[in-house]
Amino acid sequence: MAFNSSVIRADFPFLDQRDDNGMPPCFLDSAASAQKPRQVLEKIDDLYRNSYANIHRGLYRQSADLTALYEAVRIAVDDFIAAYGPDSVVFTKNTTEAINMIAASWGQTAIAAGDDIVLTMHEHHANIVPWQILAGRQNAEIKVLGLNPDLTLNLAQLPALLSAKTKLVAVAHVSNALGIINPVAEIVKIVRKHAPQAKILIDGSQAVVHQPVSVRDLDADFYVFTGHKLYAPVGAGVAVIRPSILANMPPYQGGGDMIDRVSFSGTTFKSGPARLEAGTPDFMAVIGLGEAIAYLQTIGMDRIAAYETELRAAADNALATVPGLTLWGADAPRIGIFSLSLAHCHPADTAMILDAQGIAVRNGHHCCQPLMEDLGVTGTVRASGAIYTSMDDIDRLVAGLQKATVMLTRSGRKAATS
């Protein structure tokens with residue numbers, strides 16, 4: 001299927017709405033959570049209406065059918081991002097839970113007093129705070145890889161951060177605040193050379209949505225992402241874990257479906273992903289994730305990447321016409337995330353003016369407070385695209401920013417003279 005933006009937009013019911021001026025939504029907050037195609041919505045609606053039952057619990061038809069659909073998504077994820085086989089795919093609620101699970105299960109036994117954990121300045125709080133909590137409990141140390149002047153990661157610093165004490169390096173595949181694509185394959189090679197004992201976690205939340213990914217080619221030990229950014233329902237996340245590591249990870253939570261046998265004298269646990277999936281999972285969201293992956297594969301991730309690259313370049317050119325605008329990371333390799341500052345304009349004020357024009361963006365620190373402090377700002381306006389984003393959306397954003405510049409600069413002058 002060739003990429004056709006108008007055909008793609010027609011798949012998203014949210015975009016069928018019109019405001020009082022007959023304008024469709026200009027939704028530019030997809031990095032936070034993407035809209036859902038009708039294929040996903042209809043699948044979930046049909047299952048809830050006609051086939052609902054719990055999974056892994058019953059021999060009757062509905063339970064068996066839904067169990068098969070749920071387990072088939074492991075195969076779909078493995079195929080989608082070239083993981084280490086379906087049994088390397090653990091389902092979670094989202095990326096945050098995936099990282100917390102890895103920290104609590106693997107980290108509690110692998111990280112000891114005096115060990116180092118290396119993070120980067122690009123990390124989301126979800127890839128900082130769990131490691132800080134773990135480091136505090138285990139008396140380990142956090143080290144941070146800084147930035148170049150163009151806001152890319154300073155890989156020249158990395159070897160000096162690595163040693164025999166390094167047990168984990170955790171890095172975002174793509175910065176959620178800046179959209180910068182990190183050279184994770186190169187980072188993995190540097191870590192393998194200078195700290196071969198270290199494990200590597202890659203946060204792929206903003207990567208798998210926009211480009212083809214191969215976990216095997218990256219040689220990651222852990223690769224995590226969240227479904228709701230990938231056009232799937234809220235409630236499904238993924239942790240791909242190298243099988244040799246997964247085999248030795250203790251349970252994250254206790255409960256049903258992760259046990260072999262329970263007695264009051266002791267309990268034995270299942271192997272593989274089941275050991276880390278206690279209780280009834282959000283299996284409908286997981287099935288929706290499978291449907292979203294099938295939808296994207298029908299379009300083709302290569303075609304999606306090509307379209308979004310072309311759109312990002314056009315958007316960069318258009319945004320350059322806005323007076324006083326700073327596009328953070330403009331010269332770095334990026335996906336369609338635009339982190340913006342307008343001179344003399346607070347991000348919240350800018351976002352509110354854009355909202356009044358039907359343009360949805362995110363403002364604030366984007367769960368990246370250390371990065372914002374490094375940039376010397378309290379926050380930015382973040383506009384983020386998706387497969388349904390059109391050049392019309394970009395044109396509306398540019399016009400909205402120009403209007404915000406005029407309004408806020410004028411009100412600022414009035415305040416200064418009153």
Side-chain angles (χ1 to χ4, degrees), residues 3-38 176-179 206 209-210 228-229 231 299 304-330 334-364 366 379-412:
F3 195 96
N4 184 316
S5 61
S6 60
V7 171
I8 297 299
R9 288 177 65 84
D11 283 336
F12 289 83
F14 176 85
L15 301 178
D16 288 340
Q17 303 175 75
R18 294 295 182 269
D19 63 17
D20 293 340
N21 298 315
M23 298 294 292
C26 181
F27 188 80
L28 294 173
D29 193 26
S30 296
S33 196
Q35 298 298 328
K36 319 306 174 192
R38 56 178 173 78
N176 77 290
L178 303 174
Q206 301 293 346
V209 188
H210 303 285
H228 67 87
K229 301 180 194 295
Y231 312 103
I299 301 169
I304 290 171
Y307 171 75
E308 292 188 354
T309 298
E310 180 181 345
L311 187 69
R312 182 200 55 74
D316 283 357
N317 290 333
L319 289 167
T321 66
V322 180
L325 183 141
T326 297
L327 174 55
W328 297 99
R334 292 171 23 250
I335 62 166
I337 288 178
F338 309 91
S339 200
L340 313 169
S341 295
L342 289 178
H344 312 299
C345 302
H346 193 281
D349 294 333
T350 304
M352 290 174 66
I353 291 172
L354 292 174
D355 176 58
Q357 300 171 75
I359 304 164
V361 296
R362 183 61 56 109
N363 70 280
H366 318 300
T380 67
V381 172
R382 186 187 70 183
S384 53
I387 54 175
Y388 44 70
T389 304
S390 67
M391 198 59 209
D392 285 343
D393 292 324
I394 302 302
D395 290 340
R396 288 177 64 183
L397 172 65
V398 170
L401 290 168
Q402 290 170 336
K403 182 174 182 179
T405 299
V406 172
M407 291 176 64
L408 294 173
T409 302
R410 181 183 301 152
S411 64

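Note that this is a predicted model, so its numbers are computed, not measured. Numbers here are sequence positions counted from 1.
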Colleague: Please tell me if the side chains of Leu401 and Leu342 come closer than 4.5 Å, counting only heavy atoms from C-beta onward.
Modeller: yes
Colleague: Nearest 0.5 Å, please: how far is OG1 in Thr405 from CD1 in Ile353?
Modeller: 8.5 Å
Colleague: CE of Met391: more than 12 outside heavy atoms within 6.0 angstrom?
Modeller: yes
Colleague: Nearest heavy-atom pair of Trp328 and Leu178: which atoms, and what distance?
Modeller: CB-CD2, 3.7 Å
Colleague: Is there a side-chain contact between Phe12 and Ile387 in this structure, where contact means two heavy atoms from C-beta onward sitting under 4.5 Å apart?
Modeller: yes
Colleague: Look up atom CG in Leu340 and atom OG1 in Thr326, then write down how far apart they are to the nearest 0.5 Å.
Modeller: 9.0 Å
Colleague: Measuring from atom CG of Asp16 to atom CG of Asp11, what distance do you get when rounded to the nearest 0.5 angstrom?
Modeller: 10.0 Å
Colleague: Can you see which heavy atom on Asn4 is nearest to which on Ser6, and at what distance?
Modeller: OD1-OG, 2.6 Å
Colleague: With a 4.0 Å cut-off on N to O distance, would you call Arg9 and Asp393 a salt bridge?
Modeller: yes
Colleague: If you look at every heavy atom in Cys345 and Ala404, which pair is closest and at what distance?
Modeller: SG-O, 4.4 Å
Colleague: Is Leu408 close to His344 at the side-chain level, that is, under 4.5 Å between some pair of heavy atoms?
Modeller: no
Colleague: Is Arg312 salt-bridged to Asp316, cutoff N-O under 4.0 Å?
Modeller: yes
Colleague: Could you tell me if the side chain of Gln402 sits less than 4.5 Å from the side chain of Thr321, heavy atoms only?
Modeller: yes
Colleague: For a 4.5 angstrom cut-off between non-hydrogen side-chain atoms, does Ile335 reach Glu308?
Modeller: no
Colleague: Would you check if the side chain of Lys403 reaches a backbone N or O of Leu354 as a donor-acceptor pair within less than 3.5 Å?
Modeller: no
Colleague: Would you say Leu15 and Pro24 make side-chain contact, with heavy atoms under 4.5 Å?
Modeller: no
Colleague: Measuring from Met352:CE to His346:NE2, what's the distance to the nearest 0.5 Å?
Modeller: 11.5 Å
Colleague: Apply side chain to side chain contact (heavy atoms under 4.5 Å, CB included) to Arg382 and Asn176, showing your working.
Modeller: CA-CA 9 Å; Arg382 186 187 70 183; Asn176 77 290; 3.4 Å; yes
Colleague: List the atom of Arg362, the atom of Ala32, and the distance in Å for their closest heavy-atom pair.
Modeller: NH2-CB, 3.3 Å
Colleague: Minimum heavy-atom separation for His228 and Lys36, please, with both atom names.
Modeller: O-NZ, 2.8 Å
Colleague: Kindly compute the distance separating CG (Asn363) from CG (Asp29), expressed to the nearest 0.5 Å.
Modeller: 9.5 Å
Colleague: Would you name the heavy atoms of Pro37 and Pro13 that are closest together and state the gap between them?
Modeller: C-CD, 4.4 Å
Colleague: Check the pair Leu397 / Leu319 against side chain to side chain contact (heavy atoms under 4.5 Å, CB included), numbers first and verdict last.
Modeller: CA-CA 9 Å; Leu397 172 65; Leu319 289 167; 4.2 Å; yes
Colleague: Would you say the side chain of Ser30 lies within less than 4.5 Å of the side chain of Tyr388, judging by non-hydrogen atoms?
Modeller: yes
Colleague: Sub-3.5 Å donor-acceptor pair from the side chain of Gln17 to the main-chain atoms of Phe14, do we have one?
Modeller: yes
Colleague: Walk me through it: do Ile337 and His366 pass the test side chain to side chain contact (heavy atoms under 4.5 Å, CB included)?
Modeller: CA-CA 12 Å; Ile337 288 178; His366 318 300; over 6 Å; no
Colleague: Which residue is it: Arg396, Arg18, Gln357? I am looking for the one with a side-chain contact (heavy atoms from CB on, under 4.5 Å) to Met23.
Modeller: Arg396
Colleague: Quick check: does any side chain N or O of Ser5 sit under 3.5 Å from a backbone N or O of Ser390, one acting as donor and the other as acceptor?
Modeller: no
Colleague: Under 3.5 Å, is there a donor-acceptor pair between the side chain of Thr380 and the main chain of Ser341?
Modeller: no
Colleague: First locate atom NE2 of His210, then atom OG of Ser384, and finally report the distance between them rounded to the nearest 0.5 Å.
Modeller: 7.5 Å
